[in-house]
Amino acid sequence: MGKEVRVRFAPSPTGDLHVGNIRTALFDWAYARHTGGTFIFRIEDTDTTRVTDEYIQAAIDTLKWLGLDWDEGPEVGGPNGPYLQSQRLDIYAQWAQKFLDQKDAYYCYCTPVELEARREAQRAANVAPGYDGQCRDLTDAQIADYKAQGREAVVRMRMPDGGTTFTDEIRGEVTFDHKFVPDFVLVRGDGSPLYTLAVAVDDIMMKVSHVLRGEDLLSSTPRQIRVYQAMGVKPEDYPTFAHLPFVMGQDNAKLSKRNGEVSIAWYRERGFLPEAICNYLALLGWSPGDDRENVTMKELTELFTVDKVHSSPARFDMKKLEAINGDKIRALTPDEFLNWSLPFLTKAAVISGTDAEIAVVKAALPIIQERIVTLAEVPAMLNFLFVKNFAVAEDCVSKVNDAAAKSVLTRSISELKKLTTWTHDSIEAALRSSLIEDMGLKPRIAFGAVRIATTGSNISPPLFESMELLGQEVSLQRIKLALAL
RNA sequence: GGCCCCGUCGUCUAGCGGCCUAGGACUCUGGCUUCUCAAGCCAGCUACGAGGGUUCGAAUCCCUUCGGGGCUACCA
């Protein structure tokens, strides 16, 4: 109550940040912003065999792209740094030594092979597997003997008898009996710290007040609390825990490459807007409490509270993400839409980026804004305006080379040639009076032929607007070309 | 196996003992609109995992059961 809110997002970048990570980051960020607190970004890179600099940089870029700005962390610094655990090794070593001195921790000389054998035996005997405490009270002679054998020692935390009970903001009171929380390793044989040591130390030293993280860490909470105790932290100064439900894949398994793309970079390339991703992810495990679904980032920070977070896992649904992305695209201002679209157009080589091209794009975007779901569709939608070697799509040729279509196109040419003003209104008026009224054709038949001739496809943005953008000369050229098919 | 978490339409959710013949959104189906595709509008389909209690009354509280998930590392 009343304590300063400090939340952290602390990923271990062993790969690209995925949907689940980002949902956690989003909630951390939203909570910090909602409360006017501090959002800390910390990199948990104690597992040097799996974390790479590339992944760390990618994580930083992804958070930036999503608009999840942090107050303390990489690049921005802060008073509680450094924010990369790999740069805090001496801190962990000091605490580990203190725990050793206090007899809260002890050196364990068991080898991985021995441990595995004993665990196997425990499983076979149907006993809870876990460290059996063999090295808890070694004599000096035993230690000397192990050392003489050249054994490496890990530092292990002593779990006292009893249990740990804490209140999870999302799940309520949770209790773990220490019978099922074996003595755990704090420091590896090579002297490097483990997650269990580093998180706890950092959360305390960085004055983290609220730990919102994935529910996979729920059962590691008693171990962290044990470290707090050893650090001499008073219970009222422990962070508040809130374990977020998982984001699952379609088949109810943890999200993975197999059941849906998980990397945020993938969504970025596919033309999803950061705001759409955040909006959709916010709805996974949280709701404003009413029927609102479309929220901006700003509204999210205003509405987000932990008590509205679910305790049950949610399945990721691409269709709904797409629907929201479409909504967000439609809500873009013309300039925003232009800025988001340009990279996709140049990457697809539809335009090279000249001012003249951009002017056309700018004029054309309004007519496609409500017909696309992702930005990746923009190139295909506008390609007909820029294509050098225009040709009618294969599967559409048969629709414009019959007698009926040819008469439509012939008449269109003669009518359109006469126009002295070339606007979608004048084009429509000319075509309607000649093709529909004079020739008595159904609009979809008549305009369909013109559409294929001018845009090359039976699916296109609105016809008359498209022809206006194309210009009189090019439009006529293309219709003549179709007539020759 | 043990420990822990979770369980409302296909999916995301609203629901905190009577307002629930369970509401919204996405998907799907049908229709309207319409120059194609969209968008928009209307309609429809479909859910409280099961069984016991408690209560005048339960999706809401309790128990059991079944199902799903996590952890059980010198990963995080």
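From a predicted model like this one, the values you see are computed outputs, not experimental measurements. Just so it is clear: chains get the letters A, B, ... in the order the sequence lines come, proteins before strands, and each one is counted from 1.
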Under 3.5 Å for both donor-acceptor distances, Watson-Crick or wobble: does [N] have a partner, and if so which one?
N: rG67(B); value: rC6(B)
N: rA22(B); value: none
N: rU29(B); value: rA43(B)
N: rA59(B); value: none
N: rC48(B); value: none
N: rC16(B); value: none

Practice item. Test for a donor-acceptor pair under 3.5 Å between the base of rG69(B) and the side chain of E215(A), counting only N and O atoms. Key: no
What nucleic acid atoms does [X] come within less than 4.0 Å of, heavy atoms only: base, sugar-phosphate, or nothing?
X: R223(A); answer: base
X: Y280(A); answer: nothing
X: T455(A); answer: nothing
X: E44(A); answer: sugar-phosphate
X: R119(A); answer: sugar-phosphate
X: G326(A); answer: nothing

Exercise for review: For each nucleotide in nucleotides 36-49 of chain B, reading 5' to 3', give B when a protein heavy atom comes within less than 4.0 Å of its base, S when such contact involves only the sugar-phosphate, and - otherwise.
Suggested key: BBBS----------
Nearest whole angstrom, please: distance from the [atom2] of [N] to the [atom1] of [X].
X: K320(A); N: rG10(B); atom1: NZ; atom2: P; answer: 15 Å
X: M157(A); N: rC74(B); atom1: CE; atom2: C1'; answer: 15 Å
X: H310(A); N: rU11(B); atom1: NE2; atom2: P; answer: 14 Å
X: E465(A); N: rU34(B); atom1: CD; atom2: P; answer: 16 Å
X: I445(A); N: rC35(B); atom1: CD1; atom2: P; answer: 13 Å
X: D202(A); N: rA76(B); atom1: CG; atom2: P; answer: 12 Å
X: F316(A); N: rU13(B); atom1: CZ; atom2: P; answer: 13 Å
X: L284(A); N: rC6(B); atom1: CG; atom2: P; answer: 18 Å

Does [X] make a cation-pi contact with [Y], if we ask for NZ or CZ under 6.0 Å from the ring centre and within 45° of the axis?
X: R444(A); Y: F447(A); value: no
X: R478(A); Y: F390(A); value: yes
X: R42(A); Y: Y83(A); value: no

Would you please confirm or rule out a distance under 4.0 Å between OP1 or OP2 of [N] and any side-chain N or O of [X]?
X: R432(A); N: rC35(B); value: yes
X: H243(A); N: rC6(B); value: no
X: T46(A); N: rA76(B); value: yes
X: S219(A); N: rC3(B); value: no
X: R123(A); N: rU72(B); value: no
X: R188(A); N: rC75(B); value: yes
X: K179(A); N: rU72(B); value: no

Practice item. Can you tell me, in whole Å, how much space there is between the P of rC28(B) and that of rG70(B)? Key: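 Roughly 30 Å separates the two P atoms.
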Check your understanding: For atom P, what is the distance between rC26(B) and rC42(B), given to the nearest Å?
Key ->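 Their P atoms lie roughly 11 Å apart.
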Point to revise | Minimum heavy-atom distance R330(A)-D327(A), with the two atoms named | key: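 Minimum heavy-atom separation between R330(A) and D327(A): NH1-OD1, 2.9 Å.
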Review point. Quick check, are the ring centers of F27(A) and W286(A) under 6.0 angstrom apart?
Key: no
Review point. Pick the nucleotide of RNA chain B nearest each of S287(A) and Q85(A); which residue has the one closer to the 5' end?
Key: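 Nearest nucleotide further toward 5': that of S287(A).
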Exercise for review: With RNA chain B as reference, determine whether T175(A) or T111(A) sits nearer its 5' end, using the nearest nucleotide of each.
Suggested key: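 It is T175(A) whose nearest nucleotide is closer to the 5' end.
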Practice item. Answer yes or no: is there an ion pair linking D45(A) with R50(A), defined by an N-O contact shorter than 4.0 Å? Key: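 No, D45(A) and R50(A) are not salt-bridged.
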Exercise for review: Would you mind checking if D104(A) and R226(A) are paired as a salt bridge, meaning a charged N to carboxylate O distance below 4.0 Å?
Suggested key: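 The answer is yes: the pair qualifies as a salt bridge.
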Check your understanding: Run the ring pair (Phe, Tyr, Trp, His ring centres under 6.0 Å) check on F184(A) and Y131(A) step by step: do they pass?
Key -> CA-CA 7 Å; F184(A) 56 97; Y131(A) 189 66; over 10 Å; no
Practice item. Please lay out, stage by stage, how D317(A) and Y280(A) fare under the test side chain to side chain donor-acceptor pair (under 3.5 Å). Key: CA-CA 9 Å; D317(A) 180 15; Y280(A) 174 63; 5.4 Å; no
